[in-house]
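First comes the structure, then the notes that go with it.
Here the structure is a predicted model, which is why all the values come from computation and not from measurement.
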Amino acid sequence: MSQTEDPQEEYSMSGPLLVSKLEEAGIHANDIKKLADAGLNTVEAVAFTPKKNLLAIKGISEAKADKILAEAHKIVPLGFQSATEVHARRSELQLDALLGGGIETGAITELFGEFRTGKSQLCHTLSVTCQLPVSMGGGEGKCLYIDTEGTFRPARLLAVAERYGLNGEEVLDNVAYARAYNADHQNSLLISASALMAESRFCLLIVDSCTALYRTDFNGRSELSARQNHLGRFLRTLQRLADEFGVAVVVTNQVMSNPDASAGPYAANEKKPIGGNIMAHATTTRLQLKKGRGNTRICKIYDSPCLPEMETQFAILPSGIGDPEEES
């Protein structure tokens with residue numbers, strides 16, 4: 001292979017690069033350790049980080065920050081590229097898509113609905129199916145699961161694993177679980193998530209629920225601005241992880257009564273997802289879940305940049321989420 005090979009072409013053929021690669025570019029090992037301690041475990045994370053955030057890291061001067069960013073930008077292409085290149089990269093990402101291409105990688109998918117609509121059940125099923133081979137519609141990777149409501153049940157994973165003929169013990173070992181107890185803790189868990197993703201192959205990150213702790217940690221209109229800013233930073237970090245590692249991110253969201261159900265985009269729905277425009281703009285695909293008859297639920301594509309608005313039915317089975325006809 002020619003030594004003059006374009007570094008951007010070489011980068012496009014590889015996965016996320018560990019931040020230690022910057023040592024080859026002359027960045028001191030102590031400075032690299034400071035970056036990793038701050039949650040910047042890959043060169044991509046460094047390249048995507050604003051200069052002011054680097055300066056906030058103790059021991060990183062302005063001169064060091066300039067050099068670090070300059071070297072990171074040499075490795076990670078951040079300029080313009082043709083739509084053909086973007087399409088090719090997206091096509092490669094879809095090889096790692098979940099449920100036969102149902103959940104988009106490198107993006108945030110939101111599931112919102114009332115209680116008992118199947119949000120957590122769908123998350124449990126996805127945490128298993130993401131481990132399936134690509135030939136079976138899986139992602140051949142591990143799952144990171146952040147639980148904010150205490151609804152995670154390993155027994156459900158074992159039931160889904162049995163349905164697909166997977167080893168239950170291996171399935172549980174491939175799910176990294178953490179319980180978040182407040183909004184700050186929920187945000188800090190993403191730093192740990194970044195470190196885990198840098199060490200092993202993960203293809204799915206689940207946050208169930210993304211907004212529950214914000215409803216209790218921030219009260220009233222006086223804290224609304226602080227809540228939305230905090231939520232916006234959390235969602236931005238989620239998107240950065242999706243960009244960095246090419247994982248699929250699935251978040252669940254609660255709903256609230258709409259005081260003005262007679263107007264606006266929620267006219268035909270008495271409930272609307274919480275989080276406002278911050279949540280609406282941060283998520284790529286929004287799926288609305290509604291109750292049906294018995295164990296049947298309805299999933300509607302509420303918003304998507306590439307899918308038409310439509311709905312389908314699914315069932316909550318003892319072995320996880322499935323088609324209604326599978327119900328015995």
Side-chain angles (χ1 to χ4, degrees), residues 1-82 85-86 88-90 92-93 95-96 105-108 139-142 144 146 176 178 187-205 232-249:
M1 184 177 293
S2 172
Q3 293 182 349
T4 60
E5 182 180 2
D6 186 351
Q8 292 194 3
E9 181 179 347
E10 180 182 355
Y11 167 80
S12 66
M13 298 171 63
S14 64
L17 301 174
L18 294 179
V19 70
S20 57
K21 186 172 180 61
L22 288 175
E23 194 169 357
E24 301 174 11
I27 306 301
H28 199 277
N30 287 338
D31 293 330
I32 291 176
K33 184 178 184 303
K34 293 172 184 175
L35 295 175
D37 291 341
L40 305 176
N41 294 285
T42 66
V43 180
E44 290 83 355
V46 176
F48 298 159
T49 300
K51 179 180 175 180
K52 67 174 184 177
N53 290 11
L54 291 183
L55 293 174
I57 300 174
K58 187 176 181 180
I60 300 296
S61 64
E62 186 166 356
K64 286 182 178 180
D66 288 336
K67 183 178 181 181
I68 289 171
L69 286 175
E71 296 302 331
H73 292 165
K74 288 179 183 177
I75 300 173
V76 180
L78 296 179
F80 287 99
Q81 53 191 308
S82 70
E85 293 173 304
V86 176
R89 189 171 69 252
R90 296 301 308 170
E92 291 172 0
L93 283 175
L95 292 176
D96 290 335
T105 50
I108 300 176
E140 293 186 8
K142 299 180 180 180
L144 263 161
I146 297 177
N187 199 38
S188 66
L189 284 174
L190 296 187
I191 298 178
S192 303
S194 176
L196 287 172
M197 291 182 185
E199 295 173 359
S200 185
R201 169 169 165 70
F202 286 82
C203 64
L204 176 64
L205 170 59
R233 288 193 297 271
F234 176 76
L235 292 170
R236 182 65 194 92
T237 305
L238 278 181
Q239 184 59 60
R240 195 200 76 193
L241 291 177
D243 293 335
E244 250 183 89
F245 299 99
V247 300
V249 177

Derivation and outcome, side-chain contact (heavy atoms from CB on, under 4.5 Å), residues Leu241 and Leu205: CA-CA 9 Å; Leu241 291 177; Leu205 170 59; 4.0 Å; yes
I'd like to check [X] versus [Y] (side-chain heavy atoms, cut-off strictly below 4.5 Å). Are they in contact?
| X | Y | value |
| --- | --- | --- |
| Lys64 | Ile27 | no |
| Glu244 | Ser194 | yes |
| Asp243 | Glu44 | no |
| Cys203 | Lys142 | no |
| Ile75 | Leu17 | yes |
| Thr42 | Phe245 | yes |
| Asp37 | Ile57 | no |

What is the distance from atom [atom1] of [X] to atom [atom2] of [Y], rounded to the nearest 0.5 Å?
| X | Y | atom1 | atom2 | result |
| --- | --- | --- | --- | --- |
| Leu190 | Arg240 | CG | CZ | 8.5 Å |
| Ser192 | Met197 | OG | CE | 11.0 Å |
| His73 | Phe48 | NE2 | CZ | 9.0 Å |
| Leu54 | Ile68 | CG | CD1 | 6.0 Å |

For Lys51, all residues meeting side chain to side chain contact (heavy atoms under 4.5 Å, CB included), sequence neighbours excluded: Leu55, Glu62, Ala65, Asp66, Leu69
Ser20: partners by side chain to side chain contact (heavy atoms under 4.5 Å, CB included), with sequence neighbours left out: Leu18
How close do [X] and [Y] get, heavy atom to heavy atom, and via which atoms?
| X | Y | value |
| --- | --- | --- |
| Thr105 | Gly246 | CB-O, 3.5 Å |
| Ala242 | Val249 | CB-CG2, 3.9 Å |
| Ala72 | Val46 | CB-CG1, 3.9 Å |
| Lys21 | Val43 | CB-CG2, 4.2 Å |
| Ala25 | Glu71 | CB-OE1, 3.4 Å |
| Phe202 | Val247 | O-CG1, 3.2 Å |

Only counting residues at least two apart or in another chain, list the ones meeting side-chain hydrogen bond (donor to acceptor under 3.5 Å, both in side chains) with Asn187. none
For the pair Leu35 and Leu22, evaluate side-chain contact (heavy atoms from CB on, under 4.5 Å) and give the outcome as yes or no after the intermediate values. CA-CA 11 Å; Leu35 295 175; Leu22 288 175; 4.3 Å; yes
Would Lys34 and Asp31 satisfy side-chain contact (heavy atoms from CB on, under 4.5 Å), going step by step from the backbone distance to the final call? CA-CA 5 Å; Lys34 293 172 184 175; Asp31 293 330; 3.8 Å; yes
